[in-house]
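These notes concern the structure reproduced below.
Just so it is clear, the values below take in all heavy atoms, side chains as well, and ignore hydrogens, waters and symmetry mates.
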Amino acid sequence: MLNRIQKMADPKQVPSVTFNNGKSIPIVGLGTWQAPADGSLYRAVRGAIDAGYRHIDCAYAYENEEEVGKAINDAIGDGKVKREELFVTSKLWLTFFRRDRVQICVKKILSKLNTPYLDLCLVHWPMSFGDSDTTLLPTGDDGNVVPGTIDYLEAWQGLEDCVKAGLVKSIGISNFNTKQIERLLGSATIKPVTNQVESHPYLAQVKLKKFCEDRGITLTAYSPLGNPGSQVNTGSDKDRLLKDAVVTKLADKYKKSAGHILLKFQAQRGVIVIPKSVSVERIQSNIQIFDFELTAAEITELESLDRGYRTCDFNVNGVPNLPNFPFKDPNEV
């Protein structure tokens, strides 16, 4: 049973990962996907900062960045933290892939967050949609998303422009497979610092992790708990990872929660991890993973649970039929 009152983490005690450009990122961050902009996200971000978090993960597509920005700026105004002590990530959406439109999206993000720069901006997915400033999923008469004609290589050029313009400090990718990464590296003048993908023991991403690390690219894990509270993962067994016998055995051994084991699994592998929650108590708990160590054998045991269980497959409005959809080829990790 977790104590209801969690101790605060010292931000200096939260390890950081160094990117290939020399900049660093706290290894644990707060995810904000599916967090409602109804005041609960504001409280979550304020609570996270108070609890020692210095890394906040956002996205244009989450449609809640105004609330994140208000929480961040109020914390700065109250003297809780300085902007330069925070690491704020956002993501370029798929309707803004044309090179001259990339900065439009980034400037919209900066305006919503009320911040002069992003520490990191990612290409959210490798496929593009038709241009739109007003909808995330532009759809045709058949109900399917309107495919874009712009390649992710052009979107990457736009992000490189944003670095040169001082709008973004680091740039990376999200949901890219190995073939797409290799192709990007063939033309990029700025190497991506990270690839943010779904990862947990049921989708351990061992091959993708090694592929990225061999090329100086870190891995960031979203949905590290197997997405038990997600609106897109509605199966009756959606919390089965938290109840897995191996996970609960380790939780009992270390007198930790199943969530702690799953987060420690990522951090100890050097994977940046961004659990999402709007519960301040849970947020405080999620960062309490630096007072124990899993053994190498236990890490391997958790990785051996991999069964290709993907909870975020973006299977809506014909999206999987688009060119560059990353999960088409089961042999391409």
**Report entry** salt bridge (charged side-chain N to carboxylate O under 4.0 Å, His left out) between K256 and D291, intermediate numbers included
**Finding:** CA-CA 10 Å; K256 289 285 185 177; D291 56 353; 3.0 Å; yes

State plainly whether one hydrophobic cluster holds both [X] and [Y], where clusters connect Ile, Leu, Val, Met, Phe, Trp and Tyr through side-chain heavy atoms under 4.5 angstrom apart.
X	Y	value
V280	I287	no
V206	L305	no
Y42	I76	no
F176	L208	yes
F19	Y117	no

If you round to the nearest 0.5 Å, how far is [atom2] of [Y] from [atom1] of [X]?
X	Y	atom1	atom2	value
I27	Q268	CD1	CD	9.5 Å
N114	K70	CG	NZ	10.0 Å
L118	L113	CG	CG	6.5 Å
I181	L184	CD1	CG	8.5 Å
L167	K107	CG	NZ	6.0 Å
S223	L203	OG	CG	9.5 Å

I'd like to know if [X] and [Y] make a salt bridge, using a cut-off of under 4.0 Å between side-chain N and carboxylate O.
X	Y	result
E301	K249	yes
R46	D50	no
E182	R215	yes

Backbone of [Y] reached by a side-chain donor or acceptor of [X] within 3.5 Å:
X	Y	value
D214	G216	no
H260	S285	yes
E67	G39	yes
E160	I190	yes
T95	S132	yes
W93	L136	yes
H55	P26	yes
Q266	L263	no
N64	A35	yes

Query - Positive for side-chain contact (heavy atoms from CB on, under 4.5 Å) with V17, one of T194, V193, T220, I272 - result: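 Running side-chain contact (heavy atoms from CB on, under 4.5 Å) over T194, V193, T220, I272 with V17 returns exactly one hit, I272.
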
Closest heavy-atom contact between [X] and [Y]?
X	Y	result
T32	C58	OG1-CA, 3.5 Å
E65	S90	OE2-OG, 2.6 Å
A48	L30	CB-CD2, 3.8 Å
A155	V102	O-CG2, 3.8 Å
K23	K169	CE-O, 3.7 Å
L86	Y53	CD2-O, 4.5 Å

**Report entry** Q157: side chain to side chain donor-acceptor pair (under 3.5 Å) partners, not counting sequence neighbours
**Finding:**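 Result, side chain to side chain donor-acceptor pair (under 3.5 Å) vs Q157: none returned.
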
Requested in this report: List for me each residue that meets ring-ring contact (aromatic ring centres under 6.0 Å, His included) alongside Y60, sequence neighbours excluded, and say none if there are none.
Outcome: F96

Any side-chain heavy atom of [X] within less than 4.5 Å of one from [Y]?
X	Y	answer
L159	V163	no
Q284	S279	no
I171	W156	yes
V28	F290	yes
T115	I72	no
V278	R43	no
V271	Q205	no

Query raised in the report: Would you say K80 has more than 12 foreign heavy atoms packed within less than 6.0 Å of its NZ?
Result: no

Query raised in the report: Could you go step by step and tell me if L302 and V247 meet the side-chain contact (heavy atoms from CB on, under 4.5 Å) rule?
Result: CA-CA 8 Å; L302 287 166; V247 176; 4.0 Å; yes

Requested in this report: Could you walk me through whether R240 and D244 pass salt bridge (charged side-chain N to carboxylate O under 4.0 Å, His left out), step by step?
Outcome: CA-CA 6 Å; R240 61 179 174 170; D244 185 275; over 6 Å; no

Requested in this report: Using the side chain to side chain donor-acceptor pair (under 3.5 Å) rule, collect all pairs that involve residues 119-128, keeping only residues at least two apart or in two chains.
Outcome: R83-D119

Query raised in the report: Is there any salt bridge (charged side-chain N to carboxylate O under 4.0 Å, His left out) pair reaching into residues 90-104, and which pairs are they, with sequence neighbours excluded?
Result: D57-K91, R98-D100, R98-D131, R99-D161, R101-D131, R101-D133

Query - salt bridge (charged side-chain N to carboxylate O under 4.0 Å, His left out) contacts touching residues 143-154 (sequence neighbours left out) - result: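 The answer is D151-R183.
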
Query raised in the report: Could you walk me through whether F97 and L92 pass the side-chain contact (heavy atoms from CB on, under 4.5 Å) check?
Result: CA-CA 8 Å; F97 267 32; L92 174 73; 4.2 Å; yes

Show every donor-acceptor pair shorter than 3.5 Å between a side-chain atom in residues 313-324 and any protein atom, with sequence neighbours excluded, or say none if there are none.
residue : atom : partner : partner atom : Å
D313    : OD1  : N315    : N            : 3.2
N317    : ND2  : G143    : O            : 2.9

Report task. Go through L122 and I173 one step at a time and tell me if the side-chain contact (heavy atoms from CB on, under 4.5 Å) criterion holds. Result -> CA-CA 5 Å; L122 310 177; I173 51 182; 5.9 Å; no

**Report entry** Verdict with supporting geometry, K276 and N227, side-chain contact (heavy atoms from CB on, under 4.5 Å)
**Finding:** CA-CA 9 Å; K276 60 184 177 69; N227 235 348; 3.7 Å; yes

Report task. Anything under 30° is parallel, anything over 60° is perpendicular, the rest tilted; go ahead and classify Y254 against F292. Result -> tilted

Query raised in the report: Under the side-chain hydrogen bond (donor to acceptor under 3.5 Å, both in side chains) criterion, do Y222 and N175 qualify, and how do the steps go?
Result: CA-CA 10 Å; Y222 68 76; N175 301 299; 2.7 Å; yes

Query raised in the report: Is it true that the NZ or CZ of R54 lies under 6.0 Å from the centre of F87's six-membered ring and within 45 degrees of the ring axis?
Result: no

